[in-house]
Asks: 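Here it is, the structure in full.
Whatever order the structure lists ligands and atoms in, that order sets their numbers, starting from 1. Bear in mind the structure is a predicted one, so any value in this text is a computation, not a measurement.
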Amino acid sequence: MKTDVSPYLRKYFIMGSQNCECNPSKILEEAAQAGITAFQFREKGEGSLTGSAKLELGKELREICRRYQIPFIINDDIELAEALDVDGIHVGQDDQPVEMLRQAYPNKIIGLSISNSSEAADSPIHLVDYVGAGPIFSTTTKEDAKKAVGLEWIQTLRAQFPKLPIVGIGGINIENAASVLEAGADGVSVISAIAKVENIADSVRRL
Ligand code: TZP
Ligand code: MG
């Protein structure tokens, strides 16, 4: 049986250098110390690093996760998945197909973003360890984010898949995190609610 990843989803921090106004390692270290339960390295979009700069930052962040024993998940990058010996890979609907990833990585955590019922119907959900559901609320962090789908999407997914580990994403913050959990998610994944706040420790605790 696959391990149940739902405990890792409770406070799932996502970040790339493009989300940071100061040192990404410092931000991750503070977040790890404050109790995040998983980390996704998502170096993507305007201003993001590529090539060896991305690799070097990835090594630093990977090391922090090792020290705090937090699962390190890479966003859609097979090369770095190998180079950084990641714990998991997260993909979107237009990324590497899940079937291929599962075949290549039988023991890694695989996460998939799902935004609506037709994506759910077309996805090999039985092959993934968790799904990211959203954007739940509107967000300006992801340039090409789809329209906000609301808490109903979590409720719908939960009703359809009672045991599937589900994490909400998109516009989640300390004010609305509880509503995402109440709707049936196992956790919340956030970028700005941790990367862009003054008091990271306080924010992590209140998520
Ligand atoms: N996928 C859907 S919304 C989103 C991603 C990566 C961005 C989430 O960022 P924030 O700042 O937590 O709204
Ligand atoms: Mg993607």
Asks: Step by step, would you call D87 with R66 a salt bridge (Lys or Arg N to Asp or Glu O under 4.0 Å)?
Replies: CA-CA 10 Å; D87 299 302; R66 263 198 228 289; over 6 Å; no
Asks: Between R42 and ligand 1, find which residue part has any heavy-atom pair under 4.0 Å and reply side chain, backbone, both or neither.
Replies: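 For R42, the contact with ligand 1 is made by the side chain alone.
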Asks: For the pair E119 (side chain) and Q93 (backbone), establish whether a donor and an acceptor sit closer than 3.5 Å, ignoring hydrogens and angles.
Replies: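 Pair absent, no side-chain N/O of E119 close to backbone of Q93.
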Asks: Where the side chain of Q96 meets the backbone of V91, is there a donor-acceptor pair that is under 3.5 Å apart?
Replies: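 Not a single qualifying donor-acceptor pair exists.
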Asks: Using a 3.5 Å distance criterion without hydrogens, assess whether the side chain of S203 forms a donor-acceptor pair with backbone atoms of A193.
Replies: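 Checked: pair present.
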Asks: What part of I169 sits under 4.0 Å from ligand 1 if we count only heavy atoms: the side chain, the backbone, both or neither?
Replies: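 Contact part for I169 vs ligand 1: side chain (C-beta onward).
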Asks: What orientation do F39 and F13 show, parallel under 30°, tilted 30 to 60°, or perpendicular over 60°?
Replies: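 Taking F13 first and then F39, their aromatic rings sit tilted (interplane angle of 30° to 60°).
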Asks: Could you tell me the residue and atom name of the protein heavy atom closest to atom 12 (O) of ligand 1, and the distance to it rounded to 0.1 Å?
Replies: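 Answer, as residue, atom name and distance: I191 N, 2.9 Å.
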Asks: Provide the number and element of each atom of ligand 1 under 4.0 Å from a heavy atom of V190.
Replies: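 Listed by number with element: 12 (O).
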Asks: Any idea which atoms of ligand 1 are less than 4.0 Å away from a heavy-atom of T141?
Replies: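 So the answer, numbered in order with elements, is 9 (O), 10 (P), 11 (O), 13 (O).
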Asks: If we check side-chain contact (heavy atoms from CB on, under 4.5 Å) with N19, which of these qualifies: I194, I14, I191?
Replies: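 Of the listed residues I194, I14, I191, the side-chain contact (heavy atoms from CB on, under 4.5 Å) partner of N19 is I191.
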Asks: Quick check on G134 - does any of its heavy atoms sit under 4.0 Å from an atom of ligand 1?
Replies: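 The answer is no: ligand 1 sits nowhere under 4.0 Å from a heavy atom of G134.
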Asks: Side chain, backbone, both or neither: which part of S192 has a heavy atom under 4.0 Å from ligand 1?
Replies: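 Both parts.
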Asks: For the 3.5 Å polar cut-off, considering only N or O atoms, please tell me whether S189 and ligand 1 meet it.
Replies: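 Not met; the criterion fails.
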